[in-house]
Participant: 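Take this structure first; my questions come after.
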Amino acid sequence: MVFFTADQERFRDSVRDFTHRELSPRAGERAELDHILPEVIQTIAGAGYLGLTTPGRYGGNPTDCVSIGILFEEISTIDFAPMPLLLNHVMIPLMLRWSSEAFQIEWLPLLCSGRKIPCFGNTEPDCGSDAGAIKAKAVRDGDSYILSGEKTSVSVGMQADVLLMTAKMSESAGPKGITCFFVPLHLPGINRQRFVDMGAHPHGRAAIALDEVRVPAEYRIGEEGEGFTKIMRGLDFCRVLAVLGGIGMAQASLNDAIDHLKSRQAFGHPIGKFEGVSFRLAEDDTHLHAARLLCYQALKLRDEGLRHTKEAAMAKWFGAQYAARAIHNALLALGWRGYSRSNDTERRFRDAFGLQIGDGTAEIMKLIISREILGSEFGAAF
Ligand SMILES: Cc1cc2nc3c(=O)[nH]c(=O)nc-3n(C[C@H](O)[C@H](O)[C@H](O)COP(=O)(O)OP(=O)(O)OC[C@H]3O[C@@H](n4cnc5c(N)ncnc54)[C@H](O)[C@@H]3O)c2cc1C
């Protein structure tokens, strides 16, 4: 990529080495599991990849946002299973900056070392895109809060030890009434249920019900009513990283298709000689290249401390759509092989679909982009 620095190029090489050495063996087998293997989590933690947004004094390994994007793209090229684990370890330490020093000293080393797995829950059975319309309730009771409600579609929700969730202090409050809480998932009153998903099985999506769960007041993250804006700023970052995961997967399938089109013969020629397939390849390669540029531009803006809400939404909409399309086309190019459960592109086809929904759909991204262009009075309240 033209604008990577020498350090970022070196980081890419080191991640590539790591993924080929540590993640490539048996990645296909692990993709069939319903959880991320603890030894894989430990290997990733050992490389320092779970502490990329955590200061060194809490056991982290702070890294620039472009390099974090490189990590997501490279790892997903080989193994998509750890993607939400990595995402949660980016987002949740960023949120914990708004907790007390003692709380950060207690929790951040546990997260960075992979001894505790976090997950994030805003979506509820009755609301997803309209993220400010949540109903989960928090009631202050002396030195505690009592939380009730249901979070759903929570990635890694079955495996996680802690949930960063949103709740409202008053039912009639809008987005400005949303507060964040950090909830250990062993507490009484918590019930989890697994989703049986189309793809990404190791991500173990869950519905998490909370029935009067009591957490100490210091488990509130940020002030009351400050949760929504903080989460939306975090999502600007995470949706770009998620899409780079999709681009990594799509590139891997495109590479498989290229090999096939060069070697497979039909009608006396390698199939790559036929423009019906080679033009599709040209389009997919162009779309992925454009998507990558959008992603890394958004991350560079973030590194420079500049607003990147519009660029992140562009990257998410465009990148998720064209990554899924490139995998679809690669599967077609592979013919009968691609349709088999034993083929990586078949799995990527199912895995990449969810990226078009999680972290915000295309329509919601377009609402954000148009609001950023026209002004907030033209957009929904995010
Ligand atoms: C793989 C995956 C992982 C996920 N992980 C998490 C997680 O870890 N934590 C979490 O909290 N959530 C997670 N989600 C949930 C995700 O964030 C929501 O699914 C998403 O925000 C969309 O919400 P919804 O599914 O309720 O759709 P809805 O909001 O019900 O929307 C349904 C359809 O209507 C469209 N639509 C809605 N409003 C408008 C509008 N104003 N204009 C035009 N079209 C509109 C949407 O684009 C969509 O196509 C995950 C979802 C998936 C698929």
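Note that the coordinates shown come from a computational prediction; the quantities given were computed from them, not determined experimentally. One-based numbering, in listed order, for ligands and for the atoms of each.
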Participant: Please compare Val154, Thr361, Ile357 and report which has the shortest non-hydrogen distance to atom 53 (C) of ligand 1.
Facilitator: Ile357
Participant: Can you tell whether the side chains of Asp13 and Arg10 come within less than 4.0 Å, N to carboxylate O?
Facilitator: no
Participant: May I ask you to check if ligand 1 and Asn122 share an N or O to N or O distance below 3.5 Å?
Facilitator: yes
Participant: Who gets closest to atom 3 (C) of ligand 1 by heavy atom: Ser155, Gly354, Ala200?
Facilitator: Ser155
Participant: Is there a side-chain hydrogen bond (donor to acceptor under 3.5 Å, both in side chains) between Ser67 and Asp64 once you walk through the steps?
Facilitator: CA-CA 6 Å; Ser67 295; Asp64 63 278; 2.8 Å; yes
Participant: Does any N or O atom in Asp130 lie less than 3.5 angstrom from one in ligand 1, N or O only?
Facilitator: no
Participant: Within a distance under 4.0 Å of any heavy atom of Leu367, pick out the atoms of ligand 1 and give their elements.
Facilitator: 41 (N)
Participant: Distance under 4.0 Å to a non-hydrogen atom of Gly121: what atoms of ligand 1 satisfy this?
Facilitator: 11 (O)
Participant: With Arg140 as the cation and Tyr145 as the aromatic partner, state whether NZ or CZ is under 6.0 Å from the six-membered ring centre and within 45° of the axis.
Facilitator: yes
Participant: Using a 3.5 Å distance criterion without hydrogens, assess whether the side chain of Lys310 forms a donor-acceptor pair with backbone atoms of Arg371.
Facilitator: no
Participant: Under the side-chain contact (heavy atoms from CB on, under 4.5 Å) rule, collect the residues that match up with Gln297, sequence neighbours excluded.
Facilitator: Leu301, Glu311
Participant: Mark up the atoms of ligand 1 that fall under 4.0 Å of a heavy atom belonging to Glu363, in ascending order.
Facilitator: 43 (C), 44 (N), 46 (C), 47 (O), 49 (O)
Participant: Ignoring angles and geometry beyond distance, decide whether Ser153 reaches within less than 3.5 Å of ligand 1 through its nitrogen or oxygen atoms.
Facilitator: yes
Participant: Under 30°, 30 to 60°, or over 60°: which ring-plane class applies to Phe182 and Tyr219, parallel, tilted or perpendicular?
Facilitator: tilted
Participant: Could you work out, for atom 9 (N) of ligand 1, the closest of Phe195, Phe353, Phe120 by heavy-atom distance?
Facilitator: Phe120
Participant: Among Val156, Ile364, Asp351, which one puts a heavy atom closest to atom 38 (N) of ligand 1?
Facilitator: Ile364
Participant: Is the gap between the ring centers of Tyr296 and Phe4 under 6.0 Å?
Facilitator: yes
